[in-house]
Novice: 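Provided herewith is a single structure, encoded as structure tokens, for subsequent inquiry.
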Amino acid sequence: KSGYDHEWEMKTILYNLADLKNIFGIVNSPQCIDLARVCAKELGAADAILNILNDDESLNVLLQTTDWNKVDIFSESNQPKLGKMTYSIRRSEFLSVCYQNIGCTAYNNNLIPILMWDVDGYFWVEFVCRLNIRDDVNIMMAMRYYIDTKTLLITGIHLNKQKILEQHQLLYPNHESPACLSNFICNIDEFEIDMHVYKERDQFPDISLDFHQGFAQRFVDVPTDESYIHILQQGRHSVSVNTLSDPSNTINNDTAPKSQ
């Protein structure tokens, strides 16, 4: 139907091979595109990726040079914005998880190829590996290997188990769920790597223990003479810690508050 008050509607009629032949005269039915064959060269990059992940120096360069602010987060959550649960983790803590998890992943060859595409219809292959942030928060970190330059980049973080499986099955339609997805749990809607918290330590230098001890000692050395206590109780005269802690300093009676 068409018109200003109606939207276009599609008839939900399914046709089998016989219908295609009898109704439309189509003898040779359309065949599925074998994306695994089309992307064979990219899929063959798995060994190169594993070599990088298994090399401590190469892995360190990969993680440290990644701009985590620009890494896409794929959540596919249907929760309303106000009801979403976001898991935030400091960059330093996240990198520790990466170092601990990726070594085991690479050793066990637990990389899952998935198909990615953009709005223009261009598609490519990425590989995801599992990271266990905590018992109920597992994520998949995606990587893309550029064969021409032999470069590996971290491209995204995936949270939705079903979407990961679907993107994998676009390459291998007959594959069941990979083993590392069987007990995959992600009880969050959004994930973020907090770069700001990581930098705060650089903005505020550590205060030495000697400073703390000296600062506390100045209070310990404050005289407990009744005149000093009286001044502090009145609250009408500002007395510095330096003045009270130095016996050579005295308070002029003319400036001391008078009892009323």
Side-chain angles (χ1 to χ4, degrees), residues 1-50 71-81 83-85 105 108-131 138-148 152-191:
K1 295 183 293 183
S2 63
Y4 292 104
D5 298 329
H6 304 281
E7 296 181 355
W8 286 98
E9 295 182 359
M10 179 180 291
K11 294 182 178 180
T12 55
I13 299 176
L14 300 178
Y15 300 97
N16 55 31
L17 291 177
D19 293 333
L20 291 176
K21 181 178 180 180
N22 298 329
I23 300 174
F24 301 100
I26 298 176
V27 179
N28 298 319
S29 61
Q31 300 296 315
C32 295
I33 299 175
D34 187 354
L35 289 173
R37 179 181 58 81
V38 174
C39 302
K41 190 175 182 180
E42 292 180 81
L43 290 169
D47 290 338
I49 296 175
L50 290 173
V71 173
D72 294 324
I73 308 296
F74 300 92
S75 62
E76 302 293 337
S77 173
N78 295 322
Q79 289 290 336
K81 186 174 182 179
K84 287 186 176 181
M85 181 177 293
T105 298
N108 291 301
N109 193 20
N110 287 329
L111 295 179
I112 303 175
I114 63 173
L115 190 73
M116 298 291 293
W117 60 89
D118 59 21
V119 294
D120 297 322
Y122 177 73
F123 57 89
W124 64 92
V125 172
E126 294 184 3
F127 291 83
V128 297
C129 68
R130 176 173 171 171
L131 299 178
N138 307 147
I139 65 174
M140 286 287 184
M141 186 174 71
M143 298 164 287
R144 183 180 181 186
Y145 186 78
Y146 294 84
I147 299 175
D148 294 339
L152 181 64
L153 295 181
I154 296 174
T155 55
I157 291 176
H158 296 255
L159 309 179
N160 190 292
K161 175 181 177 179
Q162 184 59 33
K163 289 294 183 181
I164 297 170
L165 179 59
E166 291 174 0
Q167 288 173 252
H168 173 68
Q169 291 180 333
L170 287 174
L171 292 167
Y172 302 103
N174 297 323
H175 276 201
E176 298 295 334
S177 178
C180 56
L181 272 181
S182 59
N183 57 346
F184 182 89
I185 300 175
C186 188
N187 292 330
I188 58 174
D189 303 301
E190 298 289 347
F191 183 84

Novice: Tell me if a side-chain donor or acceptor on D118 pairs with a main-chain N or O of D120 at a distance below 3.5 Å.
Specialist: yes
Novice: For the backbone of C186 and the side chain of N138, can you confirm whether one donor and one acceptor N or O come within less than 3.5 Å of each other?
Specialist: no
Novice: Within this structure, what is the CE-CD1 distance for the pair M140 and I112, rounded to the nearest 0.5 Å?
Specialist: 4.0 Å
Novice: Between G156 and V71, which heavy-atom pair has the shortest distance, and what is it?
Specialist: CA-CG1, 3.5 Å
Novice: Testing the basics here: between L43 and P113, what is the closest heavy-atom pair and its distance to 0.1 Å?
Specialist: CD2-CB, 3.6 Å
Novice: Taking salt bridge (Lys or Arg N to Asp or Glu O under 4.0 Å) as the cut-off, I'd like each qualifying pair that reaches into residues 161-173, sequence neighbours left out, listed once.
Specialist: K163-E166
Novice: Atom CE in M85, atom CD1 in I188: separation rounded to 0.5 Å?
Specialist: 9.0 Å
Novice: Write down the atom of I114, the atom of I164, and the distance for their closest heavy-atom approach.
Specialist: CG2-O, 3.8 Å
Novice: With W117, which residues qualify under ring pair (Phe, Tyr, Trp, His ring centres under 6.0 Å), at least two apart?
Specialist: none
Novice: How far apart are the closest heavy atoms of A46 and L111, and which atoms are they?
Specialist: O-CD1, 4.2 Å
Novice: Out of curiosity, F191 CZ to I157 CD1, how far, rounded to the nearest 0.5 Å?
Specialist: 5.0 Å
Novice: Please enumerate all residues that pass side chain to side chain contact (heavy atoms under 4.5 Å, CB included) together with L14, with sequence neighbours excluded.
Specialist: none
Novice: I want to check something: taking the side chain as every heavy atom from C-beta on, are L159 and S75 in contact at a cut-off of under 4.5 Å?
Specialist: yes
Novice: Enter the distance from D47:CG to Y145:OH here, rounded to the nearest 0.5 Å.
Specialist: 10.5 Å
Novice: Under the rule for side chain to side chain donor-acceptor pair (under 3.5 Å), what residues qualify as partners of E126, not counting sequence neighbours?
Specialist: W124, T155
Novice: Would you mind listing every salt bridge (Lys or Arg N to Asp or Glu O under 4.0 Å) that reaches into residues 21-44, with sequence neighbours excluded?
Specialist: none
Novice: Working to the nearest 0.5 Å, report the span between CD1 of I139 and CG of N160.
Specialist: 13.5 Å
Novice: For residues 174-184, tabulate all N or O donor-acceptor pairs below 3.5 Å that involve a side-chain atom, not counting sequence neighbours.
Specialist:
residue, atom, partner, partner atom, Å
H175, ND1, H168, NE2, 3.2
S182, OG, A179, O, 2.7
N183, OD1, R130, NH1, 2.8

Novice: Kindly indicate whether the side chain of F123, heavy atoms from C-beta on, has any atom under 4.5 Å from the side chain of V38.
Specialist: yes
Novice: Heavy-atom count around I33 CD1 within 6.0 Å, excluding the residue itself: above 12?
Specialist: no
Novice: Partners of N187 by side chain to side chain contact (heavy atoms under 4.5 Å, CB included), sequence neighbours excluded?
Specialist: D136, I185
Novice: Could you work out, with ring pair (Phe, Tyr, Trp, His ring centres under 6.0 Å) as the rule, every residue matching F74, not counting sequence neighbours?
Specialist: H158
Novice: Enter the distance from N16:CG to I23:CD1 here, rounded to the nearest 0.5 Å.
Specialist: 8.0 Å
Novice: Who are the side chain to side chain donor-acceptor pair (under 3.5 Å) partners of Y146, not counting sequence neighbours?
Specialist: R144
